[in-house]
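Here's the structure we're looking at; comments come further down.
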Amino acid sequence: MSNTTTEALRSIALVGHGAAGKTSLAEALLQATGAINAKGSVEKGNTVCDFDPQEKEAGHSLNSAIVHFGYEDTHVHLIDTPGYPDFAGPAIAALAGVDTALVVINAQTGVELMTERMMRHAAERKLCRMIVINKIDAENLDLPGLVADIRERFGKQCMILDLPAHGGADVVEVLEHDAGDADFESVAAAHRALIDQIVEEDEDLLAQYLEDGADPSAAALHAPFEKALREGHLVPILFTSAKTSAGIKELLHVLASLAPNPAEGNPPPFYKGEPGGQTAAFQAVPDAAKHVLAHVFKIVADPYMGKIGIFRVHQGTVKKDMQLFVGDGKRPFKVAHLYQLQGKDSVEVDELLPGDIGAVSKVDELEFDCVLHDSHDEDHIHLVPLEFPKPMAGLAVETKKKGDEQRLFDILGKLAMEDPTFLVERHPSSNETVIRGLGEIHLKAKLEKMASQYKLEVDTKPPRIPYRETITGNAEAMHRHKKQSGGAGQFGEVHLRIEPKGRGEGFEFVDAVKGGVIPGVFMAAVEKGIRQGLEGGVVAGYEVEDVKVTVFDGKTHAVDGKEVAFTIAGRKAVVEAVRNARPIVLEPIVSIEIVVPEAAIGDLTGDLSSRRGHITGTDGRGHGMAAITGEVPLAELNDYQSRLKSLTGGQGSYTIEFARYAAVPSNVQQQLASKFQLHDEDE
């Protein structure tokens, strides 16, 4: 690494649907570059990237893994990511660490759910994208049909960069070759279409090309090729077989010669300021001599090395023994050890340049998405956060053994620290600890990790549905809290107005008091009481959201005016106002995609309709399978896995993603309100 420059660095994420062969592709790349002597296999559990015992048992990736290798005077950082929707968190997080997303598609199964999602996420992040069609050695393939489908779904800018030849045993590159044998399409036609697309990015080059008709040199095409990648005007399509290594050398050549270095990709979306306040875009410059700016995109709780923060250097040089700040932290930490990762192995290095991916360990202040820097000038610089699917599948958990409660919270904290799509909630009203993830398989993996790695057994049950409450009208209310018990008393009076806000706009507090009738020192107590009243719910015991509360009048007492009095008055006044503002209960609605045998479509659509679901479409997936998409209330899915298994003979699978909150039917609201009233009376 001592002779590597930023210009020679490449950072790549392998993304796409499960079973596309991403981990096997990583093995083939490592073996072809001499980083490993022989390819491992997922089936044998001996790959570099799937090193976790759980992954070996499952037969697929559960987490992202980082490896690196050298090729043609370049140094490539490669992140292998999980492909199944339940483990989308680490896959999406990896996009913050790379310049290029390599979207891997299984030649046998074609474009699948995570193919589309990761193409969209990468485009939203303005990453350069390339598509790799893997497993071209398989039988009964329709590669022309697959290419046509890719172009139909993602656009005509998806253009062939190489073509399979000799029955998928080889590939022929089409940028530098205008003739040759291919299994389908014409090498000459693919070459001409690609050149035409690239030269359009450079007016001078286009004019010269039209004038003399000769192909520009590879050197002349490099800059417009990079521009086309950056702007999404070109998404190259490549073909490989990780099993036979067909196309692997060609893919490596593309990564070395055409994938962007840190200065050629789109700059990462940093900004200066604080979320919710005034912000300004900040340009990180991949210059080794500038102040350090690095971003942590992965956290690992390692039983031996402690907390590991894995980061991408965007600016400056991170050196061993230097001091770095975490976010706006005032105290720096010393980089005692600096690592690069090769799967489970960590290799100590002396420095990391802009574009490098590395790690530090045993720094408790590190958190997912934090920014590391070496100067207080960068205290308030953040990276625009990625958008993750909202974890909606839930389980209430409790320890089997008494006295293990604190261990449970500590372990859940570590699991949540590692995974941005795994949440831990504590519900005092129901005395439940709830874990939430992207699906049942996601949660099952977390429970298995708790049992195998941390030796903690828990009992589980369905959690309470995360209903919410809101209002549909305006109302005013007041409450006077007056208490006298011999000594100093308590007095506080609050008048307030409540009105609805748009769905998802949250809570707004407005202090409109004039003349000091409520002294300013007590307004924080009033707001605290209002928040308490909203958190506890009014109709059915669920948090009230999307409301604006304006405090416009009140009274105090020179002696008995107390914070506690205004907190109580604020809480009781807002509860009364909500009661008078036509409150309703909201329920979470999720988008659902169900992949089932085509013969089961009728049964599944009928079952979803019986669960108050709404079908939005069906789509053929080939091989006798189809995808049903729709929306359904989360409350109707508690037993859905077993029901789906029954209707499809175990061949069905589904994923859910939070869509929105919607009002529950009146009969459901009455049932929820009745239970809450009984509970309230018991109190």
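The first residue of the sequence shown is numbered 1, and numbering continues consecutively from there. All values below were derived from every heavy atom in this structure, side-chain atoms included, with hydrogens, water molecules and symmetry-related copies excluded.
- Side-chain contact between Lys449 and Gln54 is present, with at least one heavy-atom pair separated by less than 4.5 Å.
- In this structure the side chain of Ile308 never reaches within 4.5 angstrom of the side chain of Tyr339, judged on heavy atoms.
- Within the 4.5 Å cutoff, no side-chain heavy atoms of Ile131 are placed close to those of Pro236.
- Gln157 places no side-chain N or O within 3.5 Å of a backbone atom of Val235 that could act as its donor or acceptor partner.
- Donor-acceptor pairing under 3.5 Å is lacking for the side chains of Gln197 and His233.
- With rounding to the nearest 0.5 Å, the separation of OG1 in Thr655 from CD1 in Ile592 is 7.5 Å.
- The CG atom of Leu353 sits 6.5 Å away from the CG atom of Leu9 when rounded to the nearest 0.5 Å.
- Looking at every heavy atom in both residues, His191 comes nearest to Asp178 through CD2-CB, 3.4 Å.
- Figure legend: Lys344 and Phe51 shown without cation-pi pairing, the cationic atom not lying both under 6.0 angstrom from the six-membered ring centre and within 45 degrees of its axis.
- Side chains of His77 and Asp356: a donor-acceptor N/O pair is present below 3.5 angstrom, by distance only.
- Within a 6.0 Å sphere centred on CD of Glu152, heavy atoms belonging to other residues, nucleotides or ligands number 12 at most.
- If you take SG on Cys49 and CG on Leu14, they are separated by 8.0 Å, rounding to the nearest 0.5 Å.
- Between His314 and Phe270, the ring centre distance stays below 6.0 Å.
- The closest side-chain heavy-atom distance from Thr81 to Pro90 is not below 4.5 Å.
- Defined by atom type and a distance below 3.5 Å, a donor-acceptor pair is present between the side-chain atoms of Glu112 and Thr109.
- Asp162 places no side-chain N or O within donor-acceptor distance of the main-chain N or O of Glu250, the cut-off being under 3.5 Å.
- Side-chain contact between Ile105 and Val132 is absent, with no heavy atoms from C-beta onward closer than 4.5 Å.
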Step by step, work out the ring-ring contact (aromatic ring centres under 6.0 Å, His included) result for His382 and Tyr271.
CA-CA 6 Å; His382 307 272; Tyr271 67 92; 5.4 Å; yes
For Thr23 and Thr47, run side chain to side chain donor-acceptor pair (under 3.5 Å): C-alpha distance rounded to whole Å, both residues' side-chain angles, the deciding distance at 0.1 Å, then the answer.
CA-CA 8 Å; Thr23 301; Thr47 63; 5.7 Å; no
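- A side-chain donor-acceptor contact under 3.5 Å links Thr629 to the backbone of Gly617.
- Other residues, nucleotides and ligands contribute at most 12 non-hydrogen atoms within 6.0 Å of the CG atom of Asn37.
- We find that Asp170 and Lys249 are not joined by a salt bridge, their nearest charged nitrogen and carboxylate oxygen being 4.0 Å or further apart.
- In the model, Tyr209 has a side-chain atom that pairs as donor or acceptor with a side-chain atom of Asp196 under 3.5 Å.
- Looking only at distances, a side-chain donor or acceptor of Gln315 sits under 3.5 Å from a matching main-chain atom of Val285.
- Salt bridge present: Asp419 and Lys446 bring a charged side-chain N and a carboxylate O closer than 4.0 Å.
- In this structure, Lys298 is not positioned above the aromatic face of Phe368 in the sense of NZ or CZ being under 6.0 Å from the six-membered ring centre and within 45° of the axis.
- Annotation for Asp137 and Ser241: closest pair OD1-OG, 2.8 Å, computed over non-hydrogen atoms.
- Judged by distance alone, the side chain of His177 and the main-chain N or O of Glu173 form a donor-acceptor pair under 3.5 Å.
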Passes side chain to side chain contact (heavy atoms under 4.5 Å, CB included), Val67 versus Asp80? Steps please.
CA-CA 8 Å; Val67 295; Asp80 178 33; over 6 Å; no
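- Note: His75 and His68 meet the aromatic proximity criterion, with ring centroids under 6.0 Å apart.
- Looking only at side-chain heavy atoms (C-beta outward), Val104 and Val15 stay at 4.5 Å or farther from each other.
- More than 12 non-hydrogen atoms from other residues, nucleotides or ligands lie less than 6.0 angstrom from CG of Leu205.
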Show your working on side chain to side chain contact (heavy atoms under 4.5 Å, CB included) between Asp50 and Asn63 and close with a plain yes or no.
CA-CA 8 Å; Asp50 283 358; Asn63 300 291; over 6 Å; no
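- Residues Ala246 and Ala169 approach most closely at CB-O, 3.5 Å, considering heavy atoms.
- Considering all non-hydrogen atoms of both residues, Gln342 and Leu30 come closest at NE2-CD2, 4.0 Å.
- A donor-acceptor contact shorter than 3.5 Å links the side chain of Arg10 to the backbone of Ala259.
- Dense packing is recorded around CD of Glu72, with more than 12 heavy atoms of other residues, nucleotides or ligands lying under 6.0 Å away.
- Shortest non-hydrogen contact noted between Val147 and Ile160 is CG1-CD1, 4.3 Å.
- With a 6.0 Å radius and a threshold of 12 heavy atoms from other residues, nucleotides or ligands, Glu139 has its CD atom at or below the threshold.
- Going from atom OG1 of Thr317 over to atom CG of Asp350 covers 12.5 Å, rounded to the nearest 0.5 Å.
- Within the 3.5 Å criterion, the main-chain N or O of Ala188 finds a donor-acceptor partner in the side chain of Ser186.
- At a cut-off of 3.5 Å, with distance as the only test, a side-chain donor of Lys39 or Ser245 sits close to an acceptor on the other residue.
- Between the Arg129 side chain and the Ala101 main chain, no donor and acceptor come within less than 3.5 Å of each other.
- Once rounded to the nearest 0.5 Å, the distance linking NZ of Lys126 with CG of Leu229 reads 15.5 Å.
- Checking side-chain atoms of Asp99 against main-chain N and O of Ile12 turns up no donor-acceptor pair under 3.5 Å.
- Few gaps surround NZ on Lys56; more than 12 heavy atoms of other groups in view lie less than 6.0 Å from it.
- Between the NE2 atom of His222 and the CD1 atom of Ile198 there is a distance of 11.0 Å, given to the nearest 0.5 Å.
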Let me see the working for Phe297 and Leu383 under side chain to side chain contact (heavy atoms under 4.5 Å, CB included), right down to the final yes or no.
CA-CA 10 Å; Phe297 63 87; Leu383 193 64; over 6 Å; no
For side chain to side chain contact (heavy atoms under 4.5 Å, CB included), just list the numbers for Gln340 and Leu352, CA-CA rounded to whole Å, side-chain angles, deciding distance to a tenth of an Å, and then say yes or no.
CA-CA 9 Å; Gln340 284 195 333; Leu352 296 172; 3.5 Å; yes
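- His17 and Tyr84 have perpendicular rings, their planes meeting at more than 60° on a 0 to 90° scale where under 30° would count as parallel.
- Within a 6.0 Å radius of CG in Asp619, more than 12 heavy atoms belonging to other residues, nucleotides or ligands are found.
- A salt bridge does not link Lys390 to Glu657: none of the charged side-chain nitrogens sits closer than 4.0 Å to a carboxylate oxygen.
- Residues Asp369 and Pro385 have side chains in contact (heavy-atom distance under 4.5 Å, counting atoms from C-beta outward).
- With no hydrogens or angles considered, no side-chain donor-acceptor pair links Glu55 and His60 at under 3.5 Å.
- Side-chain contact between Gln208 and Glu211 is absent, with no heavy-atom pair separated by less than 4.5 Å.
- Of the possible polar contacts, one joining the Asp183 side chain to the Gly167 backbone as a donor-acceptor pair under 3.5 Å is found.
- Between Gly97 and Ile357, the shortest heavy-atom contact is O-CD1, 3.6 Å.
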